[in-house]
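Taking it in order: structure first as structure tokens, then the write-up.
What you see is a predicted model; the values in this text were computed from it and never measured. Note: hydrogens, waters and symmetry copies are ignored here, and every other heavy atom, side chains too, is used.
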Amino acid sequence: MHITKSESRNYTTVEYPLSRTEVAHGPYKYILRSDFEDHIVTKEVEPDSYDLMTTEKPVYTNFSVEKYNDTILTQANRNKQRSLSIIAGEVASLGLFFELTRNVYNANITGSILVSLPWVLSTPFLIIATAGTISAAKKKDEVLLDNTFYDNHDKTVVFTITSQGKNIYTLKNSVESVFYWHNVAYNENKINYDYLVHMIIEPEPFTQNRQFYEDFKASHSKDKFLLTIVPTEYTTTNGTNYKARALHYGVEERRRLGLNKESIFIYHQDEETTVGEDTLSGISKFIHTAKDKVKYGAGFIIYCLDYTIRPSQIQEMSRTSDDYRVMLSLSTKTNPLVGFHGSHFIIRATTEDEIGWDFGKNSIAEDMIFENVLRTKYKGSFMRLNGFAYEKAPLNIKEQIKQRRRWTRAGIYAEQNKSVSKAKKLVIAYSTFVWFGSMASVASLFATAFTFVSGYYPITLPIAGYVWVQMVNNYYDGYLFHKNYIPNDKSIKKLKRSKLIVNGIAGAFIDAIAPWYALKKQKQNIEFEVLDKDILLRK
């Protein structure tokens with residue numbers, strides 16, 4: 001979004017991002033926002049006054065309610081196909097079992113059963129994921145958005161982006177997606193809540209990129225934008241560090257500014273979390289319909305930014321389909337599973353102010369700990385947030401391993417954190433064990449294929465077909481979630497399906513070895529990693 005001073009001293013001109021082709025076809029509307037009034041007016045201007053350096057249309061301008069609804073309907077209408085594929089998988093599993101046991105007998109039955117068990121361990125999660133898809137299909141009318149106008153004139157949403165501050169271009173894109181869609185929504189009379197974008201970053205990256213941040217802040221001087229630098233000397237009562245420290249400082253800063261009232265909601269974004277029309281429509285619906293007992297909400301995340309069909313991108317697609325499991329678990333009173341996102345969730349300002357983020361040292365599982373503490377205090381306090389958020393998959397193998405290593409360490413540290421309940425620690429331990437077992441699952445697959453150590457025995461037969469078919473379903477569901485958001489690029493269209501499959505297998509394999517790599521590096525003094533999310537933007 002490009003911003004310039006208008007002729008009137010009381011207005012700031014906010015220009016819609018237009019394509020170079022559109023600029024050549026005549027005058028376009030610029031949105032003008034009054035400094036002293038709440039209404040919006042429009043003004044026609046000539047195209048030659050438009051800065052051609054800013055005319056590349058950002059990808060977030062395509063994130064519409066229509067695309068969101070089409071994606072939801074596609075998923076909801078696939079329930080019958082999913083059921084038939086699971087039945088077919090079970091039949092095929094039965095046939096393979098008899099074929100293997102008829103021709104091959106392994107004397108070491110105990111050993112082969114143990115080899116086959118690791119890939120079975122994920123069954124509880126897959127069953128809940130299946131239940132989540134069925135539940136979502138039944139509630140599709142509740143999930144669809146229609147841009148209904150909800151009167152939220154007495155509500156405020158603070159879009160909070162907490163980041164180290166190193167990925168400056170990614171941050172810029174996220175902030176401007178919020179401004180862009182709010183300008184559209186206000187101009188089309190779709191929302192009327194007040195809002196503020198609150199960016200919280202660390203001092204060292206700010207110093208290194210001072211000119212960028214000062215220019216960015218100046219360009220948005222007329223917008224509802226607040227930049228907060230966490231002081232170097234700031235410490236919490238419990239000595240919390242990393243992102244949780246910045247999040248807690250943000251809570252204290254909002255408290256000082258009086259932004260911790262009942263009428264205020266905090267929408268959390270990571271540095272790459274980009275919003276669309278559907279995101280704002282979902283937020284508007286949430287803050288209007290959430291009853292007092294509802295303290296927070298969360299939704300699905302699409303990993304479509306900087307799309308290149310790299311292995312990490314294909315693997316991340318399955319994380320979106322896994323949100324079926326996450327949403328179903330969050331919808332229960334106790335949320336028995338793990339998987340709460342640290343972004344694309346909205347919470348009452350009073351609730352976050354009450355709980356805070358001061359969970360002690362090594363709080364790299366801050367989102368998991370926060371949700372557990374909140375859920376322990378307020379059972380049944382969740383409501384699904386409609387609309388997607390749009391983020392990036394790691395941009396290469398190295399970044400994917402670094403991210404997964406951090407997640408592994410987060411689970412280990414959560415086990416040691418006194419703020420986490422004993423019941424949740426058991427679930428985290430099981431989830432971590434399953435993740436470590438994924439590498440053994442790969443070994444089991446090769447053992448079956450090359451040594452005739454069958455993974456099909458009476459103990460695993462009833463669920464063998466289901467496990468494998470549901471894993472494939474998860475990847476396919478993930479692809480369908482992203483289909484509407486894949487760039488219409490010739491280089492991507494030319495890629496063969498075989499390459500998609502190969503990259504998907506590669507991404508899954510990296511995820512399988514990541515926890516073991518994290519365990520190997522556990523005793524080393526590894527600085528808290530920050531992924532490079534500006535790689536493609538810099539290019």
Side-chain angles (χ1 to χ4, degrees), residues 74-75 78 81-82 85-86 88-89 92-93 96 115-116 118-119 122 125-126 129 301-323 391-405 407-408 434-451 455 464-518 531-533 535-536 539:
T74 298
Q75 292 288 357
R78 225 177 72 75
Q81 183 182 348
R82 291 191 193 95
S85 66
I86 291 173
S93 175
L96 184 59
V115 169
S116 69
W119 57 263
S122 61
F125 296 110
L126 293 173
I301 298 177
I302 305 294
Y303 302 92
C304 62
L305 301 182
D306 293 340
Y307 193 90
T308 59
I309 313 189
R310 54 193 177 275
S312 60
Q313 192 106 50
I314 307 302
Q315 181 62 19
E316 221 72 345
M317 287 182 177
S318 65
R319 286 185 61 201
T320 302
S321 57
D322 186 57
D323 280 342
E391 297 188 352
K392 298 183 184 184
L395 299 179
N396 52 48
I397 292 175
K398 180 181 178 181
E399 298 293 298
Q400 183 181 352
I401 290 177
K402 285 171 62 177
Q403 184 188 67
R404 272 41 174 183
R405 177 171 65 179
W407 292 352
T408 306
V434 170
W435 192 5
F436 274 93
S438 60
M439 194 63 198
S441 298
V442 175
S444 172
L445 182 63
F446 279 99
T448 301
F450 298 109
T451 66
Y466 167 74
V467 168
W468 291 110
V469 168
Q470 187 56 24
M471 285 182 177
V472 173
N473 272 333
N474 283 353
Y475 277 96
Y476 187 61
D477 280 337
Y479 167 74
L480 291 180
F481 269 117
H482 289 76
K483 185 178 180 181
N484 282 337
Y485 304 99
I486 295 175
N488 186 23
D489 187 274
K490 291 182 179 179
S491 62
I492 292 177
K493 280 186 174 181
K494 288 181 179 179
L495 287 174
K496 297 180 180 179
R497 290 185 179 180
S498 59
K499 187 166 184 178
L500 290 174
I501 296 172
V502 169
N503 283 357
I505 293 173
F509 183 75
I510 293 167
D511 263 20
I513 65 175
W516 293 97
Y517 179 72
L531 301 187
D532 187 349
K533 297 172 183 175
I535 296 175
L536 296 181
K539 293 180 180 179

Problem set entry | Option passing side chain to side chain contact (heavy atoms under 4.5 Å, CB included) with Asn473 (candidates Ser318, Ser85, Ser321) | Ser85

Exercise. Taking only residues two or more places apart in sequence, or in another chain, which ones meet Ile505 in a side chain to side chain contact (heavy atoms under 4.5 Å, CB included)?
Worked result: Ile501

For this session: Rounded to the nearest 0.5 Å, what's the gap from CE on Met471 to OH on Tyr466? Could you check?
Result: 10.0 Å

For this session: With the side chain counted from C-beta on, respond yes when Arg319 and Asp323 share a heavy-atom pair under 4.5 Å apart, and no when they do not.
Result: no

For this session: Only pairs at least two apart or in different chains count here, so list each salt bridge (charged side-chain N to carboxylate O under 4.0 Å, His left out) that has a residue in residues 507-516.
Result: Arg404-Asp511

Problem set entry | salt bridge (charged side-chain N to carboxylate O under 4.0 Å, His left out) contacts in which one or both residues fall within residues 471-487, not counting sequence neighbours | Arg78-Asp477, Arg82-Asp477

Problem set entry | Residues that Phe436 engages under ring pair (Phe, Tyr, Trp, His ring centres under 6.0 Å), provided they are two or more places apart | Trp516

Exercise. Distance-only, no hydrogens or angles: does the Gln75 side chain make a donor-acceptor pair with backbone N or O of Leu480 under 3.5 Å?
Worked result: no

Seminar exercise, completed: Here the gap from Glu399 atom CD to Gln403 atom CD, rounded to the nearest 0.5 Å, amounts to 9.0 Å

For this session: Applying side chain to side chain contact (heavy atoms under 4.5 Å, CB included), name anything that partners Thr320, two or more places apart in sequence or on another chain.
Result: Phe300, Ile302, Tyr303, Phe481, His482

Exercise. Got a sec, which residues hit side-chain hydrogen bond (donor to acceptor under 3.5 Å, both in side chains) with Tyr479, two or more places apart in sequence or on another chain?
Worked result: none

Exercise. With sequence neighbours excluded, what pairs up with Ala506 under the side chain to side chain contact (heavy atoms under 4.5 Å, CB included) test?
Worked result: Pro311

Problem set entry | All ring pair (Phe, Tyr, Trp, His ring centres under 6.0 Å) counterparts of Tyr485, not counting sequence neighbours | Phe63, Tyr390

Problem set entry | Non-neighbouring partners of Asn474 that pass side-chain hydrogen bond (donor to acceptor under 3.5 Å, both in side chains), sequence neighbours left out | Gln470

For this session: Could I get the full list of side chain to side chain contact (heavy atoms under 4.5 Å, CB included) partners for Ala393, not counting sequence neighbours?
Result: Arg310, Ser312, Gln313, Glu316

Problem set entry | Reported CE-to-OH distance for the pair Met317 and Tyr476, which is rounded to 0.5 angstrom | 12.0 Å

For this session: Output the distance between atom CD (Glu391) and atom SG (Cys304), rounded to the nearest 0.5 Å.
Result: 10.0 Å

For this session: To the nearest 0.5 angstrom, please state how far the OG1 atom of Thr408 sits from the CH2 atom of Trp435.
Result: 3.5 Å

For this session: State whether the number of non-hydrogen atoms from other residues, nucleotides or ligands found under 6.0 Å of Ile397 atom CD1 is greater than 12.
Result: no

